[in-house]
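Here's the structure we're looking at; comments come further down.
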Amino acid sequence: MLMSVALLGPIAAVVGADVGHTYSTLFLTSFGSPFGIGVLLIYSIPLVLVGLAVAVPYRAGLFNIGGDGQLLMGAFTAMVVGVSLPGLGAIPGGVLILLLAGAAAGAFFGAIAGALRAWRGVSEIVTTIMLNFVALFLVRYFVAGPLRDPGLTFNASPAVDPGLRIAKLAGNAGIPMSALVAILAAAVVAWWAYRTRSGWAHRMLGTAPSFARAKGVRVEVGYFLALVAGGALGGLAGATELVGNQYRIGFGFSPGWGIDAVAIALLARGNPLAVVPIAVFFAFLRNGGGALQSAVGIPGTVVTLLAAVPVLIVAAVTGWRTYRKFRGEGG
Amino acid sequence: MTTAPAPSDQGGPELRSSLQVRDVRKHFGPILANDGVNAEFRLGQVHALLGENGAGKSTLIKILSGIYEADGGEILLDGRPVQIRSTADARASGIAVVHQHSALIGRLTVAENIALAHDGLGFPRKAVVSRFTQAAADLGFTIDPRRTVESLSVGDRQRVEIVREMMTAAKVLILDEPTATLAPSERDVLFATLRRLADLGSAVILVTHRLEEAALYCDAVTVLRAGRTVFEHEEPSRLSQADLVRAMVGDVRLVAERHTSPRGEIALSAAGVRSRGPVSGMAIEVAQLTVRSGEILGIAGVEGNGQSDLAEMLSGAVKPDHGSLLLHEREIGALPGHERTSLIAYVPDDESLGFSVNLRVWENLSAEEMLYRRPPTAGNKKAMRARSAELVERFNIRPPSIDAVGGQLSGGNRRRVQIAREFSKTPSLVVCGYATRGLDVQSIQQVKNWCRELANGGAAVVYIASDLEEILDLSDSVAVLARGRLTASRPAVEATTEWIGHAMLSTETPSEQTA
Ligand SMILES: Nc1ncnc2c1ncn2[C@@H]1O[C@H](COP(=O)(O)OP(=O)(O)OP(=O)(O)O)[C@@H](O)[C@H]1O
Ligand SMILES: [Mg+2]
């Protein structure tokens with residue numbers, strides 16, 4: 001990951017920008033002010049949660065590419081619940097209901113892919129990608145039509161009641177309290193993965209499926225539940241983003257977190273605790289990327305591309321090992 | 001013998017066409033896997049490489065095949081130093097290797113695997129298939145090249161790799177424990193083929209734990225101990241097994257444990273079992289069988305006659321389609337996981353069913369524990385690691401550490417990890433499917449002793465093996481499995497080799513010489 005930051009220098013030089021200025025902009029955008037830190041956190045929260053949504057199935061050897069769809073469905077369901085039950089805002093903790101509703105919706109999407117994978121052998125990669133489109137168009141239809149907020153000049157849903165939002169603290173710094181949801185989720189997932197019997201069964205399923213099956217682990221149920229849990233975390237990500245940051249759903253609700261999340265989970269090798277700093281790093285690049293474009297003139301996409309460097313390195317190393325394993329006998 | 005031209009510039013009088021290794025060293029962290037290996041493998045000879053589990057045989061072979069790079073030492077081919085930095089280098093030098101652990105891709109067919117390995121992505125599939133079929137037939141193997149590798153038995157996977165390497169005209173052919181999974185008749189054919197290759201001028205290097213093979217079929221022998229060459233001999237046929245064992249382990253002798261336990265009540269009983277084999281797909285039939293507590297039942301038969309299927313059913317991993325299979329009056333296939341894993345000790349034929357190269361040693365040892373008995377909390381993990389350290393000690397496992405991943409263990413030590421986990425239970429039933437495969441001679445004795453101890457402790461033991469001597473030495477009673485059908489058992493004293501041979505034949509299996 002340091003490599004990607006290091007690579008930025010030469011790129012800046014090639015583009016003709018001041019290298020020092022480039023780096024200072026990159027870092028100061030995120031760490032130069034309380035406000036920058038707030039923005040960094042806001043970018044990080046959905047990435048952590050969707051990263052977990054990918055990491056959990058990944059530990060069982062499955063690839064959840066459907067983070068975006070699960071996230072949209074989660075946000076959408078939470079919004080519908082919040083808007084249709086306005087009384088909820090008066091109840092303390094009512095926001096938790098929204099989070100749960102979001103998680104349930106994501107879980108439902110995960111369950112579709114999970115059932116197809118477990119009992120029909122359909123690749124979860126294919127189904128989760130297809131479900132992304134289902135979610136995208138479903139949500140677009142509703143926010144541009146039946147659920148459009150008539151008071152707006154653009155297509156978006158109504159906003160959730162202020163009583164159903166998670167606050168941003170410290171005045172204009174805007175430290176999002178929804179960060180607690182992400183941290184709590186990472187902690188719970190880590191506890192489950194490393195400290196419980198079912199977390200162990202899940203790990204055996206991912207690393208040694210024949211061994212797991214021979215020792216009585218129900219492999220099909222395991223695959224199913226892994227994707228259900230992943231979906232629930234994806235849904236939770238969406239609901240959290242809704243109540244903690246955007247409050248309403250427009251066309252550009254997710255900038256593609258679900259795909260970043262795949263990279264994050266792979267780099268973390270499925271370790272839920274490693275997901276957190278890696279997600280923050282990705283947020284740091286995205287956050288700095290925008291600023292570089294306006295301040296230095298380096299296209300923001302270049303910085304986003306740099307996020308691919310560690311992914312490529314990991315992919316190359318893994319690919320090389322697999323190759324060696326086939327050509328001879330790997331370690 | 002060959003008449004390969006000797007390089008004139010460095011040719012001394014003693015120089016012969018050969019692959020030589022001089023003082024080869026390789027360490028993994030603190031472990032000296034190869035700590036000064038010297039050997040000369042001559043063209044035209046079949047050379048046995050012996051040594052107990054973990055002695056460094058596979059490591060040397062991986063160095064010769066370009067998977068590992070040695071820390072020091074020299075490799076000379078026909079007297080000239082060669083650098084082998086990659087598997088491609090090894091191939092270019094004419095070194096072909098059949099590794100101990102299959103490296104085939106399970107989802108692909110046999111033909112696809114073969115084509116891939118021969119860099120023949122553009123290779124016409126048909127030509128590959130016909131060459132493969134021909135080479136397999138020469139060895140007396142029948143393997144359908146259109147089957148996927150994952151549907152093959154462990155033995156067949158190894159056969160595929162042997163055939164694959166035989167298809168190349170290698171100058172040096174190395175086989176790491178190729179005979180562990182072969183039936184005696186197949187072994188004879190393999191050795192005849194190896195001899196032919198040697199006569200045509202190849203050097204053949206053979207790793208084996210069957211010492212009689214070194215004496216009967218090999219022209220030279222090199223013994224490794226703790227990573228070093230400790231013994232070399234040019235005429236192994238003049239050596240006794242005892243000589244070889246002494247070279248391998250020093251002068252330790254294991255005394256067979258007495259197995260005297262009186263027969264208890266009926267523990268295992270089967271009636272009218274008919275099923276499609278979960279592994280091979282062949283029809284499995286057990287008309288009637290009882291094994292008492294304290295009894296050791298040996299199951300003889302040529303491998304590939306439904307042994308893995310039977311073992312899977314006896315261990316409760318798979319329920320038979322028809323009939324009853326009871327352990328103390330309870331249906332084995334219906335036992336819940338936590339009871340099954342505590343009542344039944346099972347060492348399966350297929351390593352991947354009881355061991356993972358990705359999990360750590362202590363995790364492999366505690367896998368069932370963490371699934372059914374103790375969640376891996378910090379305290380429990382500590383206890384399980386402590387217990388793993390004890391098991392490593394008690395069962396003579398030699399891993400780099402209990403935190404090493406399974407893939408870092410030598411072949412024999414992987415098997416011992418499984419044996420340790422299963423034999424440390426207090427089971428009612430013990431099912432061994434080729435439990436001693438890949439173990440050195442001493443460890444085989446140990447495993448037999450442990451089986452006797454478990455029987456003395458009241459377990460019913462079902463011991464599946466291909467070695468008749470091993471079975472007759474250990475068992476109280478013997479049954480024969482042929483073409484998926486298990487004969488009635490009879491007391492070991494009445495189980496003459498004639499009866500066993502007849503039982504194998506009566507169901508039209510290919511005949512087999514008794515070793
Ligand atoms: N990749 C590795 N990392 C760490 N240690 C290793 C690795 N490979 C082998 N070893 C260690 O090196 C030693 C020699 O192993 P090797 O596989 O060469 O034994 P072997 O003679 O082939 O034994 P076996 O008869 O059991 O197959 C063992 O102690 C093993 O644990
Ligand atoms: Mg070995």
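In what follows, chains carry the letters A, B, and so on, assigned in the order in which the sequence lines appear, proteins first and then strands, with residues in each chain numbered from 1. Small disclaimer: the values here were computed from a predicted structure and weren't measured. Atom set for the values below is all heavy atoms of this structure, side chains included, hydrogens, waters and symmetry mates excluded.
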R374(B), part contacting chain A, at a heavy-atom distance under 4.5 Å: backbone
Looking at every heavy atom in both P376(B) and R197(A), which two are closest together, and how far apart are they? CD-N, 3.9 Å
With a 4.0 Å cut-off, would you call E369(B) and K215(A) a salt bridge? no
Look up atom CZ in R360(B) and atom OG1 in T207(A), then write down how far apart they are to the nearest 0.5 Å. 11.5 Å
Checking heavy atoms, do the side chain of S352(B), its backbone, both or neither come under 4.5 Å from chain A? both
Examine whether an atom of A90(B) lies under 4.5 Å from a heavy atom of chain A, and if so say whether it belongs to the side chain, the backbone or both; otherwise answer neither. neither
Could you have a look at H338(B), K381(B), E351(B) and say which one has the most heavy-atom pairs with chain A under 4.5 angstrom? K381(B)
Heavy-atom cut-off 4.5 Å, strictly under: side chain, backbone, both or neither for A378(B) against chain A? both
Is the number of heavy atoms from other residues, nucleotides or ligands within 6.0 Å of CZ (F108(A)) greater than 12? no
Most contact-rich option vs chain A, by heavy-atom pairs under 4.5 angstrom, among A317(B), G337(B), G354(B), is G354(B)
Side chain, backbone, both or neither: which part of T196(A) has an atom under 4.5 Å from a heavy atom of chain B? backbone
Take a 6.0 Å sphere around CZ of R195(A) and say whether it holds more than 12 heavy atoms from other residues, nucleotides or ligands. yes
Which region of F355(B), side chain (C-beta onward) or backbone (N, CA, C, O), has a non-hydrogen atom less than 4.5 Å from a non-hydrogen atom of chain A, or is it both or neither? backbone
Counting only heavy atoms not in F28(B), do more than 12 sit closer than 6.0 Å to its CZ atom? yes
Spatial distance of atom CG (N358(B)) from atom CZ (R203(A)) [nearest 0.5 Å]: 8.5 Å
If you round to the nearest 0.5 Å, how far is OG of S198(A) from CE of M370(B)? 13.0 Å
Euclidean distance, L359(B) CG relative to M204(A) CE, rounded to 0.5 Å: 6.5 Å
On a heavy-atom basis, which atom in V217(A) and which in Y372(B) lie closest, and how many Å separate them? N-OH, 4.2 Å
Is it the backbone or the side chain of N380(B) that comes under 4.5 Å from a heavy atom of chain A, or both, or neither? neither
Exercise: identify the closest heavy-atom pair between A367(B) and F211(A): CB-CZ, 3.8 Å
So which part of E312(B) gets closer than 4.5 Å to some heavy atom of chain A, the side chain, the backbone, both or neither? neither
